[in-house]
Enquirer: 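Sharing a structure below in structure tokens format, with a few things to ask.
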Amino acid sequence: MNSQQSVKQPTQNLFKGMFTFFFFILFYLYVWLRIDPGLVNQSQDTLFLSDSAFFNQFMQYPGGLADYASAFLSQFFIYPWLGALIITWLAGCLYFLTSRMISLVSDSANIFFISFIPVLLILVLHSSYEHTLSADLGLLLVLGFFILSIQISSQKAVFRFIIYTLVAGLLYFLTAGHLFLFALMCVLHEFLYTKHPLKERIWSLLFYFLIPVAIPYLSVQLLFMITLKFSYSYALPFNNLYKPSVAPYLLYAVFPLILIFASAHWKAASQRLQKVFGFLNKGTRFLKITLSVLVQAVALLLIVLVLVFISFDKNTNTLLRMDQFSQGGRWEDILTIARHSPMDDIRMAYFTNRALYHTGQLSSRMFSFPQKWGTWGLSLTEEYNFKQPMFKSDLFFELGYVNEAQHMAHEGLSQKGAKPRILQRLAITNLLKGEKSAAMMYLSKLSKTLFYKNWSKNIKQYVDNDSLLRKNPQLEHIHSLMTDFDFVAVPKRLDMDLKNLLLGKKNKMAFEYLMAYSLLEGKLDSFIENIIRIRDFNYHFLPSHYEEALLIYMVITGKRKIDLPGYVLSLATVNRYKEFEKILSDHKGNKNAAQKDLQKNHGDTFWYYLMYNKPKTEAG
Amino acid sequence: MSMRRHHKIFGMGTIFIIALVACVSFSRKDRLPEKYKEIGHTPRMHPDYSDTVIPPNIAPLNFMVLEPGLRYLVSIHSTHGKPITVFSKNTQIRIPLSQWKKMLSGNPGQPIVFDVYVEHDKNEWSRFNPISIQIANEKIDSFLSYRLIEPQYKYYNKMGLYQRDLEDFSEKCFLNNQVTAGNCMNCHTFYQNQTDKMIFHMRGGPASGTMLIQNGKVQKINTSTDFNKAGAYASWHPNGQLIAFSVNKLQQFFHAKGESRDVLDRASDLIIYQIGTNTVTTCPMISDPERLETFPSWAPDGKALYFCSAPKFESFYKEDGDLSYKQIKYDLMRIPYDAQTERFGKLETVLSSSQTHKSITMPRVSPDGKYLLFCMASYSNFPIYIADCDLYVMDIQTGKVSKPGINSDHASDTYHSWSSNSRWVVFSSKRDNGFCARPYIAYIDKDGEFHKPFILPQKDPSFYDTYLITYNVPELTTTEPVHTKWQKLTRVAFDNKKTVNAKLDPRVKVDRTTGATPEEDNWVQKPK
């Protein structure tokens, strides 16, 4: 009996079906649990409003409707399982349309894995937290319209050209730059798959090239106020950063390549290949499928493993998770990440320091974590005023520095557009400042969303009822920290703002951040000047870093005791300093030689930081 | 079936359709309720248009009835013409445009009355006291130009220059910064309210410069010279050949309490740009190194230049090094000018900050030369950020200064523009939410009395409730919109080879640290 005959087609198909099913289950689980659409939502913070004004803004440029649909779908990422379902569904549609396209252009039933390639590449793209669904939707529309064009390829030329023009116009309006992929695929199909007369083919060539060149140009002249570059390239995902960076190019190249290699021109080559690899068509005893299918399945799984390893953006994932935890008050979880997944990123220091404060450890364990950015690790550098202003806004808000929290939220509004997180912050800061009409403006905007309208409704009750506001512990706490007098913000000197925030207010966070600032700057004078404020807060004993600073100050100045009534230096700290000094003297004062030993036992002290880790650049 | 029967069926069908249409047209909902309860007060309306004076060519004043109810019916009537009836199942009352235009055009100078009915329960209606609005005799200029931008702090992103047709709701962007490499654009200034002669500025990136549009021709001018950086606030001389600019060095800073943003000028001077000779000139009286000069504004006859002046920035530093920025107050100045001889006369103080204890900014004379409208705030030359900033008016003949009733008591009321017939003023006000500026329109009658202002009407009366964008520099323009295509504007903006570089008047002695030090004889008009 022929080995191929021993492999029944229904069994083969069943295997393929089961494989596809489980592939997408794994796809879904990977997207949900590893990539986590909740973090995509954290990154993109999509706003979708149910009013016509919101819709109208998407009609002002080509590709706007794809963006509108993307915004609609992306809002559901607030539920990660639902976001993963949406992404998987879109990937499934991509698989289906790719399979359909292949079945229309090729009779090769054995190469089933090709349909998974675009799906894998989409998975790579979705590993970037900046990737939006607009590109996915654009691709689907291109494939859908291309399949339609194949169906009418046998019709008269005039009819085909008219349909092509209408479809091209519609596609351009919906998805902008994706028009070119559609045009390229139509050209390839015309030349590789149809048997139209030469004259007709030449006309087709002209038409299929000219229309996609003309439509964007004409749209700039007649319809939209956009640049030519925008007109030709918008919605194509080539501006985002992906890992690997060639992923979007590969994705868009897959479809023309399928058309090229599936064509009759390549049949001779594929027949030669089949002779060489003919053994793959033998059936296997196990599973009763051909070796070819089995090899493809295994190869696909291997490729998946490699791609997920390469493409997963661990750093961004980590930072987004920290941001997510900070919004939820999960400070211990932030510290766990900082301990187990350290990163050379200033934002990690920023989140870690906030978590240390909120868990009461900033003054005692700050130097257990990398502080190579000095004071910028507390508040982030100025570039984050426009890169990630909400991070700064969060810190200022916690400090009770409501005006600057509002300022940063506005920088966010200006740079990123209206996002739920930004609108929430603006609503709350205006409410705290007594600017009720302004607060209502942002609350009214949020009331038009699906997932923030309840929040908006809850906050609205505070607008008309100040006493209710006072009963909200978090808001009342922030309100109690707000400065009673005006001062001018000093952008590059957080310490000056912190001192002003402390005037007349028992602002513990401002105090600890001021102390941390002095320590990170290595300015003991400033530390000593402000340590006296410790008496305003309920410290039963001096935190270890403060002891370390006081001790070194005493050593440097020769003072025998500290002028801090109610507090004494602990013996443990004194002894520890003696050990520190001994190690240094064992190495004859050679700092470089002593570093390894000092790091081992005292790497988490202020002394070690001062000696080895303090950045050379001044704060600001 | 016979032909006769066909005709019968056809005829019956037609009658049925006509009857149906008639029923719908004259349905109960369009008829005023016959029975209703009188509520003895006017309804709360938003926006509040009650007791205002409106131009006869303004778009419909769509509004919301802020009263609980199931359904709403508003009857709008005036002295002549058919009443307009608007029925609504929600609180939004949207008045049909064509009927509104007909009513207004047929009733100039007449009152227009709004009778508001509310259905509380099924078939139980109440009627509020009528709302009265006066239609003025004089039209307002048909278009309003402004910049739309998110409330700006340090960083900006998207913005655009827009023109709104005041007679309907259409709004057109005539340039946005997405096509000019994301730069900053502003200070759109029109020659005598006309759009065929105008300028605006763009700052930042390769398209920077002053765009001058004259009768369809577009030029990019670089007004910076060895003496000055590029001009900012502008004012056209009535001869159309001179533009006065201020040149400013801004300093932005942020407060910890109240309105966060603040801006001061570290330095500023005035220059005069002569279009014909492409020359920048100035004189010590308007570019004194010991003073900050800004906000130039020509008198309508071109014989005087108004501007604001304060002691130089450095003079406000205290001994401890802190800046007493709240002491920075500007005076209102006037200097005569002879356009024929290009000479300035003697500088005079029109209104001193020491008299008013406030800072005077943004003077603009009405086109008929009768009134000077300006802003006063507790300090500063950037009044949009100062909540106590109000508009004041001076009778130029008598010199009397008064504070019109158009101001809000809790938010800044600033940047104003006169209509070409001097009967209307548009100004920026933050009274709605204390944060985003909205254009307000006020009527000034022949006696100089300002009437209650009203907000620029929108098709959706709740539009401003969620609109996070601020209106900047509202300027009234007359009959035509800006015709120049944006493609032409950007082509010129990016063609730096054709940029016209202004020349500095050789009589201006350049001294970059202290400003101009010209010779006295060249500048002061000798007394006759």
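All chains are named by letter (A, B, ...) in the order of the sequence lines, taking the proteins before the strands, and each is independently numbered beginning at 1.
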Enquirer: Let me know if B/Phe494 has heavy atoms under 4.5 Å from chain A in its side chain, its backbone, both or neither.
Expert: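 No part of it gets close to chain A.
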Enquirer: Find the one option among B/Gln178, B/Lys430, B/Gln487 whose heavy-atom pairs under 4.5 Å with chain A are most numerous.
Expert: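 Looking at each of B/Gln178, B/Lys430, B/Gln487 in turn, B/Gln487 comes out on top.
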Enquirer: Heavy-atom cut-off 4.5 Å, strictly under: side chain, backbone, both or neither for A/Tyr401 against chain B?
Expert: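 Contact with chain B: side chain only.
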Enquirer: Do you know which of B/Phe435, B/Phe254, B/Tyr156 makes ring-ring contact (aromatic ring centres under 6.0 Å, His included) with A/His410?
Expert: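 For A/His410, the ring-ring contact (aromatic ring centres under 6.0 Å, His included) check succeeds only for B/Phe435.
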Enquirer: To check you understand the geometry: which heavy-atom pair defines the closest contact between A/Met441 and B/Tyr467, and what is its length?
Expert: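 Between these two residues, the closest heavy atoms are SD-O, 3.7 Å.
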Enquirer: Is chain B contacted by the side chain of A/Gln60, its backbone, both, or neither, given a heavy-atom distance below 4.5 Å?
Expert: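 For A/Gln60, neither part sits under 4.5 Å from chain B.
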Enquirer: Ignoring hydrogens and angles, tell me if any N or O in the side chain of A/Glu411 forms a donor-acceptor pair with the backbone of B/Tyr155 under 3.5 Å.
Expert: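 It does hold such a pair.
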Enquirer: Counting heavy-atom pairs under 4.5 Å to chain A, which of B/Pro151, B/Ser260, B/Gly258 comes out on top?
Expert: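 Of the candidates given, the most pairs with chain A belong to B/Gly258.
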Enquirer: Taking atom NZ of A/Lys448 and atom OG1 of B/Thr466, what is their separation to the nearest 0.5 Å?
Expert: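 Between atom NZ of A/Lys448 and atom OG1 of B/Thr466 there are 4.0 Å.
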Enquirer: Side chain, backbone, both or neither: which part of B/Tyr325 has a non-hydrogen atom closer than 4.5 Å to chain A?
Expert: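 For B/Tyr325, the side chain is the part near chain A, not the backbone.
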Enquirer: Considering residues, nucleotides and ligands other than A/Met496, do more than 12 of their heavy atoms fall under 6.0 Å from its CE?
Expert: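 No, not enclosed.
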Enquirer: Mind checking the NZ-CE spacing from B/Lys172 to A/Met225? Nearest 0.5 Å is all I need.
Expert: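 Between B/Lys172 NZ and A/Met225 CE, I get 7.5 Å after rounding to 0.5 Å.
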Enquirer: Does a sphere of radius 6.0 Å around NZ in A/Lys229 hold more than 12 heavy atoms from other residues, nucleotides or ligands, not counting ones at 6.0 Å or beyond?
Expert: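 Atom NZ in A/Lys229 is not crowded, with 12 or fewer foreign heavy atoms closer than 6.0 Å.
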Enquirer: Does any heavy atom of chain A fall under 4.5 Å from the side chain of B/Asp432, the backbone, both, or neither of them?
Expert: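 Contact with chain A is through the backbone of B/Asp432 alone.
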Enquirer: Run A/Val220 and B/Trp486 through side-chain contact (heavy atoms from CB on, under 4.5 Å) and show every step you take.
Expert: CA-CA 10 Å; A/Val220 171; B/Trp486 68 267; 3.6 Å; yes
Enquirer: Taking 4.0 angstrom as the limit, do A/Glu382 and B/Lys154 come out as a salt bridge?
Expert: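 Answer for the salt bridge query: yes.
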Enquirer: Is it the backbone or the side chain of B/Cys173 that comes under 4.5 Å from a heavy atom of chain A, or both, or neither?
Expert: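 Interface part for B/Cys173: both.
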Enquirer: Are there over 12 heavy-atom neighbours, none belonging to A/Phe451, within less than 6.0 Å of that residue's CZ?
Expert: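 More than 12 heavy atoms, drawn from other residues, nucleotides or ligands, come within 6.0 Å of this atom.
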Enquirer: Given heavy-atom pairs under 4.5 angstrom as the criterion, report whether the side chain, backbone, both or neither of A/Tyr61 touches chain B.
Expert: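 For A/Tyr61, no heavy atom lies under 4.5 Å from chain B.
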Enquirer: Going from NZ on B/Lys459 to OG on A/Ser52, what distance comes out if it is rounded to the nearest 0.5 angstrom?
Expert: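 The NZ atom of B/Lys459 sits 9.0 Å away from the OG atom of A/Ser52.
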Enquirer: Return the NZ to CG distance between A/Lys445 and B/Asp465, rounded to the nearest 0.5 Å.
Expert: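 Rounded to the nearest 0.5 Å, the NZ-CG separation comes to 11.0 Å.
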Enquirer: Given that the side chain runs from C-beta out, which part of B/Gln152 has a heavy atom under 4.5 Å from chain A: side chain, backbone, both or neither?
Expert: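 No part of B/Gln152 comes within 4.5 Å of chain A.
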Enquirer: Is it true that a side-chain atom of B/Asn157 and a backbone atom of A/Gln415 form a donor plus acceptor pair closer than 3.5 Å?
Expert: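 A pair under 3.5 Å: yes.
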Enquirer: State the CG-CG distance between B/Asp460 and A/Asp51, to the nearest 0.5 angstrom.
Expert: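 That separation rounds to 8.0 Å.
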Enquirer: Answer with side chain, backbone, both or neither: which region of A/Leu228 has an atom nearer than 4.5 Å to a non-hydrogen atom of chain B?
Expert: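 Answer is neither: A/Leu228 stays 4.5 Å or more from chain B.
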Enquirer: Quick check: closest heavy atoms across A/Asn403 and B/Lys257, and the distance to 0.1 Å?
Expert: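 The pair with the smallest heavy-atom distance is ND2-N, 3.1 Å.
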Enquirer: Go through A/Tyr442 and B/Leu468 one step at a time and tell me if the side-chain contact (heavy atoms from CB on, under 4.5 Å) criterion holds.
Expert: CA-CA 8 Å; A/Tyr442 302 108; B/Leu468 306 183; 3.6 Å; yes
Enquirer: What's the separation between atom NE2 in B/His255 and atom OG1 in A/Thr483, rounded to the nearest 0.5 Å?
Expert: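 The OG1 atom of A/Thr483 is 13.0 Å from NE2 of B/His255, to the nearest 0.5 Å.
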Enquirer: Taking atom NZ as the centre, does A/Lys419 end up with more than 12 heavy-atom neighbours from other residues, nucleotides or ligands that are less than 6.0 angstrom away?
Expert: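 Yes.
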Enquirer: Considering only heavy atoms, which portion of A/Phe230 lies under 4.5 Å from any heavy atom of chain B: side chain, backbone, both, or neither?
Expert: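 No part of it gets close to chain B.
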Enquirer: Flag yes if more than 12 heavy atoms outside B/Lys485 fall under 6.0 Å of its NZ atom; otherwise flag no.
Expert: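 Counting neighbours around NZ of B/Lys485, 12 or fewer heavy atoms of other residues, nucleotides or ligands fall under 6.0 Å, so no.
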Enquirer: Please identify, among A/Val490, A/Asp497, A/Asp484, the residue contributing the most non-hydrogen atom pairs under 4.5 Å to chain B.
Expert: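 Sorted descending by pairs with chain B, the first entry is A/Asp484.
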